[in-house]
Participant: 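My questions all concern the structure below.
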Amino acid sequence: MPEPAVAILGDRFPRAARLRRRGEFDRCYRQGRRLHAGAFTLHALPGAGPVARLGTTVTRRVGGAVTRQRLKRWTREVFRRSPSRAALAGCDLVVHFRPDAARLVFAELQRELERLLAEAARRRRTP
RNA sequence: GGAGGCCCCCGGGCGUUCGCUCCUCCGUCGUGACGGAGGGGAGGAAAGUCCGAGCUCCGACGGGCAGCAGGCUCGCUAACGGCGAGGCGCGAUGACGCGACGGAAAGUGCAACAGAGAGCAGACCGCUCGUCCCUCCGGGCGAGCAAGGGUGAAAGGGUGCGGUAAGAGCGCACCGCCCGGCCGGCAACGGUCCGGGGCACGGCAAACCCCCUGCGGAGCAAGACCAAAUAGGGGAGCGGAUCGAGGGUCGCCCGUCCCGAGGUCCCGGACCCGCGAGGGCCGGGCGCCGUUCCCGGGUAGGUCGCUGGAGGGUACCGGCAACGGUAUCCGGAGAGGAAUGAACGUCCCCUCGCGAGAGGGACAGAACUCGGCUUACGGGUGCCUCCGCCC
RNA sequence: GCCCCCAUCGUCUAGCCAGGCCUAGGACACUGCCCUUUCAAGGCAGCGACACGGGUUCGAAUCCCGUUGGGGGUA
C-alpha cells in the first residue's frame, strides 16, 4: 500500500507527521530556513516525504512544565488545522519558543504561526 | 457578629465537534501498518528530591577502624528522621501549638566588651572593729565581712526571723535542690507519707568529644535480551589430589569462601632404549569435530524491564489511637522530542454594570513503583476557644 | 530523569572549616575635592554587600533546618 496522502490525512496528526529523532531536529536547525515571529522561530526544511512533519522545542527558561506543554499542544493544534499544511508536504518544521513566549495566548499564537506557515509555503513554491 | 484553633472532605459537572495515546475485538494488505467498533487515559500535592523501602547490577560474607545518620518513653510499621499515645520543657487569655528532648559530678576547649572578679572566683564603691592623724568634714594602717550598690548574657540558692562588732546556711521555718527508700506507672516520669544532706554540682555538646542504635555501593540513563556490519576472525579451557606466589569487590585493614601462574605426586603416551621387570624422554599436547568461556562489543537502534501493588472501597471484630485481622466488592494512565488539547453551549461561584451583557475561577503535568516529610494553592462541612452584643 | 556544588558592594574576591577583634577588608568601577592650561596618571574623602525565612547561642556572614535562584556532571 502506498503512503497515505495528505488529503487522506485530513485534520489528523499521527506519528508519521511528527519529528521524533534528535538528528531530524538538528538537520532542521542547521539547514532549515528561519522565519521569526515575536516569541518563537520556525525552522523549515523542504524534503521529499509525503506529509509535512512538525517538531516543537521549548526552553526551560520559558516556564514550568505546564506552560511548556501548553505551548506545544497549542502549536500542534494550529498546525493540525492549518490551511498551509498541504502545501508544505514533505517539509520538516521545528517551532522553537523563546523565554518571553510564556505571555502568549492561544489566539495570538494561532495568528502568528499561521502567518509563518503561509510564508514558508509561499517561499517553497517560489524559491 | 468578630478574631482564631483542630480534624476531615472536594479539586468543577453535563453535552456537541475536530484531534492524540494505550488495550480488546473484527476486516484488508500482510506481520506492521491501515480502516471500523467498544473501553481506559494526570495530582493532592504528580513538585522539591529531604528521609525510608521494594526492585536490578556490582561474586557471597564476617570482624575491627574511620565516616555518616539518628537520639525522652512505650507502641505501630516492610522500613523510616514517619505516625499514634504518654512524659517533661517552652509559648498563647484560651482552643491549642512548638521542641536536634542522651551525657557538662570522663577529658579538651570557648565566653568579645564591661567589670575588682568569668571558674574549685573575687573586693571597686561599701559595712564593722581596733589604732593613728585631724578643730570639724574626713583620711591612713591592721583585722574581719560580702548584706547593699555597681558591671555583665551569666557573679557559687530565694524569702523571713534569729544571730552578730558587722556579717555569712552560722542557726531555724517555708519554698527550691541533691541522695536514698516507699508508692503509682511496662517505661519516660510523677507523688512527697519517710529518712539523710546546709547546698556541693554555673553555661555552651546545631564546639571537639563520650555513650547507645543503625548504615556496603550504585541507581530503571539500574539491568536483561535481539537482528545486522567490521567478521566464515582471534584466544583460552574441557582427569584427580596436594602445596601455593598472587589476584579479586563495597573508604581503609584483617579473615573465610572464590579465582588462580606454577610446583610435586598421581596419571597418560601410538615416541626412544631394553627379551623383560623397568628406565629415559615427552606431554598435560597438534589438526578436525563437539562443547563452555573470553576478546571483538555493548555504542546508535529495537524489544523487555513497565505496571496487580506493603492496592483501594465497605462492613464487622481487637485496640484510647496509629494500626491490625476477617469477609466481600472494585480493577484505577503507561508515553518515549514524550499522549489529557482546542472550540462552543449550559449549569455553579466571584467581580463590574440599572440592564442586555462582559471578565474571571488557584497551585500546578505522571516517566520504575510504593510509605512519609516539606513546600505551593482554591474552596467547603463539623467540632472547639476567646472577645463583644442581645434574650 | 538521576547525582553533586555554589550564593558576600555595580564586577572580581577575602573573611566561614575552629562564632565576638566585622560598624564586613581589598582591587576595579562610580561621585566629589586637590594637583594640571586641560585630560590621563596620582593623592584625599565618599557611596556601596553577607540571597530569603526560621532556629541554636549572651552573641550568627560564620553552626543547623527550610525556601529561592544559579552552576556542573552523567547516555
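As the structure is a computational prediction, the values presented were derived from the model and not from experiment. Residue numbering restarts at 1 for every chain, and letters A, B, ... go by the order of the sequence lines.
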Participant: Expressed in whole Å, how much space separates the C1' atoms belonging to B:G75 and C:G73?
Facilitator: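 45 Å, rounded to whole Å.
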Participant: Could you state the CD-P distance from A:Gln69 to B:A338, rounded to the nearest angstrom?
Facilitator: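 Atom-to-atom, A:Gln69 to B:A338, this comes out as 9 Å.
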Participant: Counting heavy atoms from C-beta on, name the nucleotide in B:A343, B:G365, B:A338 closest to the side chain of A:Ala65.
Facilitator: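 When the side chain of A:Ala65 is considered, B:G365 is the closest of B:A343, B:G365, B:A338.
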Participant: Starting at atom CD of A:Glu77, determine the distance to atom P of B:U21, rounded to an integer number of angstrom.
Facilitator: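 The answer, rounded to whole Å, is 14 Å.
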Participant: Need one value for A:Arg81: base, sugar-phosphate or nothing, where a base atom within 4.0 Å counts as base even if backbone is also close, heavy atoms only.
Facilitator: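 Base, at least one base atom sits under 4.0 Å.
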Participant: Which distance, rounded to the nearest 0.5 Å, do you find between the CZ of A:Arg68 and the CZ of A:Arg73?
Facilitator: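 So the CZ of A:Arg68 and the CZ of A:Arg73 are separated by 12.0 Å.
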Participant: What's the gap between B:C254 and B:G107 when it is taken at their C1' atoms, as a whole Å value?
Facilitator: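 So the two C1' atoms sit 31 Å from each other.
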Participant: Give the nucleotide from the list B:A342, B:G19, B:A338 with an atom nearest to the side chain of A:Trp74.
Facilitator: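 Nucleotide nearest to A:Trp74's side chain: B:A342.
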Participant: Please tell me which of the listed nucleotides, B:G341, B:A364, B:A339, lies nearest to the side chain of A:Val66?
Facilitator: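 Comparing B:G341, B:A364, B:A339 against the side chain of A:Val66, the answer is B:A364.
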Participant: Could you check B:A356 for me: syn (within 90° of 0) or anti?
Facilitator: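 Here the answer is anti: the torsion falls beyond 90° from 0.
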Participant: Kindly indicate whether the side chain of A:Arg73 and the base of B:C20 share any N or O donor-acceptor pair separated by less than 3.5 Å?
Facilitator: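 For A:Arg73, whose side chain was compared with the base of B:C20, there is no donor-acceptor pair (under 3.5 Å).
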Participant: Hey, what do you get for OG1 (A:Thr75) to CZ (A:Phe97), rounding to the nearest 0.5 Å?
Facilitator: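 The CZ atom of A:Phe97 is 3.0 Å from OG1 of A:Thr75, to the nearest 0.5 Å.
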Participant: Please determine if A:Glu119 and A:Arg123 form a salt bridge, counting it only when a charged side-chain N lies under 4.0 Å from a carboxylate O.
Facilitator: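 A salt bridge is present here (some side-chain N lies under 4.0 Å from a carboxylate O).
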Participant: Counting the atoms with a prime plus P, OP1 and OP2 as sugar-phosphate, which does A:Thr57 contact under 4.0 Å by heavy atoms, base, sugar-phosphate, or nothing?
Facilitator: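 Contact class for A:Thr57: base.
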Participant: Syn or anti for C:U57, please, going by whether the chi angle lies within 90° of 0.
Facilitator: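 In terms of base orientation relative to the sugar, C:U57 is syn.
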Participant: Return the value, rounded to whole Å, for the distance between atom CZ of A:Arg80 and atom P of B:U21.
Facilitator: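 In whole Å, B:U21 P lies 12 Å from A:Arg80 CZ.
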Participant: Give a yes-or-no answer on whether the side chains of A:His96 and A:Thr41 include a donor-acceptor pair shorter than 3.5 Å.
Facilitator: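 There is no such pair (donor and acceptor under 3.5 Å, judged by atom type) between the side chains of A:His96 and A:Thr41.
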